[in-house]
Amino acid sequence: MKKLEVLYSEADLDKRIREIAVEINEYIGEDEAIIVANLKGAIPFYADLFRCLTGKVKMDFIETQSYIDNKSSGHVKIARDLSEDVKGKKIVIVEDILDTGLTFEHILKHLKHFHGAKEVKICVLLNKEANRKVVMKADWVGFDIPDHYVLGYGLDDNQYYRNLPYIGYWTE
Ligand code: 5GP
């Protein structure tokens with residue numbers, strides 16, 4: 001019978017998110033920044049991180065679609081676009097996991113081309129280097145993980161399990 005193995009507990013996530021927030025607060029400094037969540041998987045991470053930010057920050061959201069039945073379709077499309085004017089502002093995109101890198105490649109092109117964004121930083125909770133298809137590096141990484149399909153804390157398994165307060169993966 002398959003069993004859910006815990007990879008990062010609530011306490012692990014809380015500790016690491018506070019550490020990342022300190023660095024992002026330093027980066028933002030006295031400037032205004034737009035903190036963008038890539039829906040839907042980033043939401044729990046985004047909400048916890050956002051509450052630790054201390055500067056002049058605004059929320060915004062983008063939604064990309066790329067995965068069908070837990071496999072990368074290789075195609076990324078913007079299903080929901082930003083609502084804030086980000087031109088000339090510091091932007092931090094918050095994402096649950098950096099896997100092939102195709103989602104970020106598409107988001108970065110979109111923000112630069114359609115929104116005139118100059119400086120876009122990337123903050124991911126999880127970095128899965130094994131499947132990378134393009135050169136893509138996050139500015140802040142919560143944890144580097146091995147090649148597991150992970151779920152919980154926003155990450156889904158066919159849209160379920162996003163509500164788990166920890167991150168885990170299935171074992172046989
Ligand atoms: P990328 O475009 O970098 O391959 O993938 C980014 C998106 O793929 C993530 O936002 C997430 O939706 C999905 N993804 C990649 N790896 C995993 C995984 O291990 N678990 C889950 N639940 N989603 C994943």
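Residue numbers count from 1 along this sequence. Start at 1 and go down the list; that is how both ligands and their atoms are numbered. The figures here come from the full heavy-atom set of this structure, side chains too, leaving out hydrogens, waters and symmetry mates.
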Under a 4.0 angstrom heavy-atom cut-off, which atoms of ligand 1 come close to Lys128? 16 (N), 17 (C), 18 (C), 19 (O)

Proximal ligand 1 atoms for Asp99, defined as those under 4.0 Å from one of its heavy atoms: 1 (P), 3 (O), 4 (O), 5 (O), 15 (C), 16 (N)

Proximal atoms of ligand 1 relative to Asp156 (non-hydrogen, under 4.0 Å): 21 (C), 22 (N)

If you take all heavy atoms of Ala42 and Val94, which pair is closest and at what distance? CB-O, 3.4 Å

Determine whether the side chain, the backbone, both or neither of His148 has a heavy atom under 4.0 Å from any heavy atom of ligand 1. backbone

Are the side chains of Thr64 and Ile107 in contact, using a 4.5 Å heavy-atom criterion? yes

Would you say Asp157 has any N or O atom under 3.5 Å from an N or O of ligand 1, going by distance alone? no

Lys90 bridged to Glu32 by N-O distance under 4.0 Å: no

Quick check: does Leu151 get an N/O under 3.5 Å from an N/O on ligand 1? no

Verify the distance criterion only: is there a donor paired with an acceptor across the side chains of Asn38 and Arg80 at less than 3.5 Å? no

Among Ile145, Asn127, Val150, Ile107, which residue places a heavy atom closest to atom 20 (N) of ligand 1? Val150

For ligand 1, indicate whether the residue Glu95 contacts it via side chain, backbone, both or neither (heavy-atom separation under 4.0 Å). side chain

Hey, mind stepping through Asp12 and Lys15 against salt bridge (Lys or Arg N to Asp or Glu O under 4.0 Å) and telling me if it holds? CA-CA 5 Å; Asp12 296 333; Lys15 182 172 176 284; over 6 Å; no

Just jot down the ligand 1 atoms closer than 4.0 angstrom to any heavy atom of Thr103, in number order. 1 (P), 2 (O), 5 (O), 6 (C)

Could you pull out, from Leu126, Asp96, Thr64, the option with a heavy atom nearest to atom 12 (O) of ligand 1? Asp96

For ligand 1, which is the ligand I care about here, please tell me if Gly101 has any N or O atom under 3.5 Å from one of the ligand's N or O atoms. yes

Using the ring centroid of each side chain, check whether Phe143 and Tyr8 are separated by less than 6.0 Å. yes

What part of Asn38, side chain, backbone, both or neither, has a heavy atom within less than 4.0 angstrom of ligand 1? neither

Are more than 12 heavy atoms from other residues, nucleotides or ligands located less than 6.0 Å from atom CZ of Arg18? no

Distance alone, cut at 3.5 Å: any donor-acceptor contact between the side chains of Asp81 and His110? yes

